[in-house]
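Given the structure is predicted, the values throughout are model-derived calculations rather than measurements.
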Amino acid sequence: MLSNDEKFVVLHIGDDIVYNPEVYAKFAKKFKIIQPSLEERQRDNFIAALKKHRWGDFHAVFRPFWNSGGEMGRWDKDLVPHLPSTCSIFASAGAGYDWADIPTLSAHGITYCNGARASSEAVADMAIWHILSVFRNLIWSAEAAKSGDVEQFKIAHKHQQDTAHNPRGQSLGIIGLGNIGYTIAQKAWNAFGMRVLYHDVVRKSPEQEEAVHAAFFPQLDAMLAEADCVVLATPFGGKKLITSECLAKFKKGSRFVNIARGTLVDEVALVEALKSGHIFAAGLDVHENEPHVNQELCKMRNVTMTCHNAGGAWETASGFERLAMENIESFSLKGEALTPVNADLVAAEKEKKSNV
């Protein structure tokens, strides 16, 4: 524990605060802030600085932006062991955390907090847009209109309706019903009356299920076989989830939307499933090899794509900043973070060490 005259030391990695200057001013009064330069954040330099104990015994890592502060690359077994033993929390922007080695952080007693709560609205809105597009085949109509070509316009105007369906009453299968997945479910049920199906490692409470009329599927394959559209809303767990074997389990003629991580999907297999008609349409905000987009998918009239912008709203960026600060403050005062990803793993590691 810190003495009364000691301050909790926070390593601020990334750019200066933009959206919450007043909140940050109060934050900086409560904690001692150290902000490494861009050069110091390059991986080799960063690890060398940690080895030399350049920033002393800091207690927290604070990354308020998803697009800066990642210059040191993946926080893995080559980096994490060099952190001071006093470091016990890493509060970051962003919903995903594939750049953070959660097992390694947990083994070193570091609680990792993400910002999914702050991005839920924006990401869910984008998911709904993609869901509408894959049911109504809107990309065909949109591209024909923007082409300025009279014949393309006439063809889409006449025939697009033959491939379009209203989402009302259709079943929406959600893989991962966390903050984002549940917000998607709320919007899909309340706005369109879609039947919500979901698969997750943790089941929601009966009250939460009832609020969105959700049906829980312990087995993913069973949900895939029933869903008219599948939305991927789960963090990257180190391996692909949507493979050729998985796609084969999808209901024939169903739709697929990904607002999670492109690395979760085998896009070659997805292309084949779309070409065969097993998957009718796809909506992709994220891509397997960003910023390079699969050229086969680009050619497909039944594929809607965006540039990993699902969380791209002012409110999201502002919320990331604020939530990261709130996580650190709550942890320093109460010993509990607001949005911990690995609290159970950290507790298990502590128990394991105490029994040695």
Side-chain angles (χ1 to χ4, degrees), residues 9-20 24 27 33-51 54-55 58-84 87-106 108 110-119 122-123 180 234-238 259-264 285-292 307-314 316-325 327-328 337 339-342:
V9 181
V10 177
L11 193 72
H12 175 161
I13 57 172
D15 294 342
D16 293 337
I17 289 297
V18 174
Y19 304 94
N20 300 278
Y24 188 72
F27 184 75
I33 310 294
I34 300 173
Q35 190 174 6
S37 67
L38 178 61
E39 183 179 355
E40 289 176 315
R41 298 199 305 266
Q42 304 308 308
R43 185 173 180 86
D44 290 343
N45 296 340
F46 191 75
I47 293 176
L50 290 174
K51 289 179 177 180
R54 181 176 300 170
W55 301 300
F58 57 87
H59 304 91
V61 178
F62 171 60
R63 184 186 178 186
F65 303 108
W66 61 267
N67 54 0
S68 78
E71 295 81 10
M72 67 290 298
R74 185 170 169 78
W75 289 65
D76 54 18
K77 293 179 180 179
D78 293 328
L79 188 155
V80 173
H82 302 299
L83 294 170
C87 184
S88 53
I89 180 172
F90 190 146
S92 176
Y97 43 87
D98 41 308
W99 57 276
D101 184 339
I102 297 301
T104 297
L105 287 169
S106 303
H108 286 77
I110 300 172
T111 298
Y112 182 85
C113 308
N114 72 346
R117 181 189 295 180
S119 65
V123 177
I180 292 171
T234 189
F236 181 67
I259 46 78
R261 281 292 182 267
T263 46
L264 285 164
D285 179 63
V286 289
H287 309 275
E288 187 176 13
N289 189 30
E290 293 178 10
H292 305 285
C307 301
H308 200 151
N309 290 127
W314 189 97
T316 299
S318 175
F320 280 161
E321 278 188 355
R322 182 184 291 269
L323 183 57
M325 288 185 274
N327 264 308
I328 290 174
T339 60
V341 168
N342 61 334

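- The structure places OG1 of Thr111 at 5.5 Å from CG of Asn342, a figure rounded to the nearest 0.5 Å.
- The minimum heavy-atom distance linking Gly319 with Ala118 is given by the pair C-CB, 3.4 Å.
- Between the Asn45 side chain and the Arg41 main chain, no donor and acceptor come within less than 3.5 Å of each other.
- Under the 6.0 Å cut-off for aromatic ring centres, His12 and Tyr24 qualify, their centroids lying closer than that.
- Distance CD1/Ile328 to CG/Leu323: 10.0 Å, rounded to 0.5 Å.
- What you find for Ile89 and Ala337 is that their closest heavy atoms are CD1-CB, 4.2 Å.
- Interatomic distance, Leu105 CG to Leu79 CG, rounded to the nearest 0.5 Å: 9.0 Å.
- In this structure, the ring of Phe46 has its center less than 6.0 angstrom from the ring center of Trp55.
- Scanning for side chain to side chain contact (heavy atoms under 4.5 Å, CB included) contacts around Pro235 gives Tyr97, with sequence neighbours left out.
- Considering all non-hydrogen atoms of both residues, Ala122 and Ala313 come closest at CB-CB, 4.0 Å.
- At least one side-chain heavy atom of Phe27 sits less than 4.5 Å from a side-chain heavy atom of Ile33.
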Which pairs would a plain distance check flag for residues 61-70, meaning a side-chain donor or acceptor within less than 3.5 Å of a matching protein atom at least two apart in sequence or in another chain?
from	atom 1	to	atom 2	distance (Å)
Arg63	NE	Phe65	O	3.1
Arg63	NE	Ser68	O	3.1
Arg63	NH2	Trp66	O	2.9
Ser68	OG	Asp15	N	3.0

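- Rounded to the nearest 0.5 Å, atoms CG (Leu264) and CD (Glu288) are 10.0 Å apart.
- Taking Ala93 as the reference, Phe320 meet the side chain to side chain contact (heavy atoms under 4.5 Å, CB included) condition, with sequence neighbours excluded.
- The side chain to side chain contact (heavy atoms under 4.5 Å, CB included) test applied to His82 returns Ile47, Leu50, Lys51, not counting sequence neighbours.
- With sequence neighbours excluded, no residue satisfies side chain to side chain donor-acceptor pair (under 3.5 Å) with Thr263.
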Legend entry - Phe90 and Val341: CA distance, side-chain angles, deciding distance, side chain to side chain contact (heavy atoms under 4.5 Å, CB included) verdict: CA-CA 10 Å; Phe90 190 146; Val341 168; over 6 Å; no
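- Under the side chain to side chain donor-acceptor pair (under 3.5 Å) criterion, Thr234 pairs with no residue at all, not counting sequence neighbours.
- Partners of Glu290 by side chain to side chain contact (heavy atoms under 4.5 Å, CB included), not counting sequence neighbours, listed by chain and number: Val286, His287, His308.
- Proximity of a side-chain donor or acceptor of Glu321 to a complementary backbone N or O of Ile17 within less than 3.5 Å is not detected.
- A salt bridge (charged side-chain N to carboxylate O under 4.0 Å, His left out) check over residues 73-84, counting only residues at least two apart or in different chains, returns the pairs Arg43-Asp76.
- Residues meeting the ring-ring contact (aromatic ring centres under 6.0 Å, His included) test with Phe58, sequence neighbours left out: none.
- Partners of Arg322 according to the salt bridge (Lys or Arg N to Asp or Glu O under 4.0 Å) rule, which considers only residues two or more places apart in sequence or in another chain, do not exist here.
- Here the straight-line distance linking atom CG of Leu83 with atom NE2 of His108 works out to 8.0 Å at 0.5 Å rounding.
- For Asp16, the side chain to side chain donor-acceptor pair (under 3.5 Å) partners are Gln35, not counting sequence neighbours.
- Every side chain to side chain donor-acceptor pair (under 3.5 Å) that Thr104 has, sequence neighbours left out, goes to Asp101.
- Ser106 contributes a side-chain N or O that, together with a main-chain N or O of Ile102, makes up a donor-acceptor pair within less than 3.5 Å.
- At least one donor-acceptor pair closer than 3.5 Å links the side chain of Asp285 to the backbone N or O of Ala310.
- Counting all heavy atoms, side chain and backbone alike, Cys87 lies closest to Ile110 at O-CG1, 3.4 Å.
- Here the closest non-hydrogen pair linking Ser119 and Ile180 is OG-CD1, 3.9 Å.
- Note: Tyr112 and Trp75 fail the aromatic proximity criterion, with ring centroids not under 6.0 Å apart.
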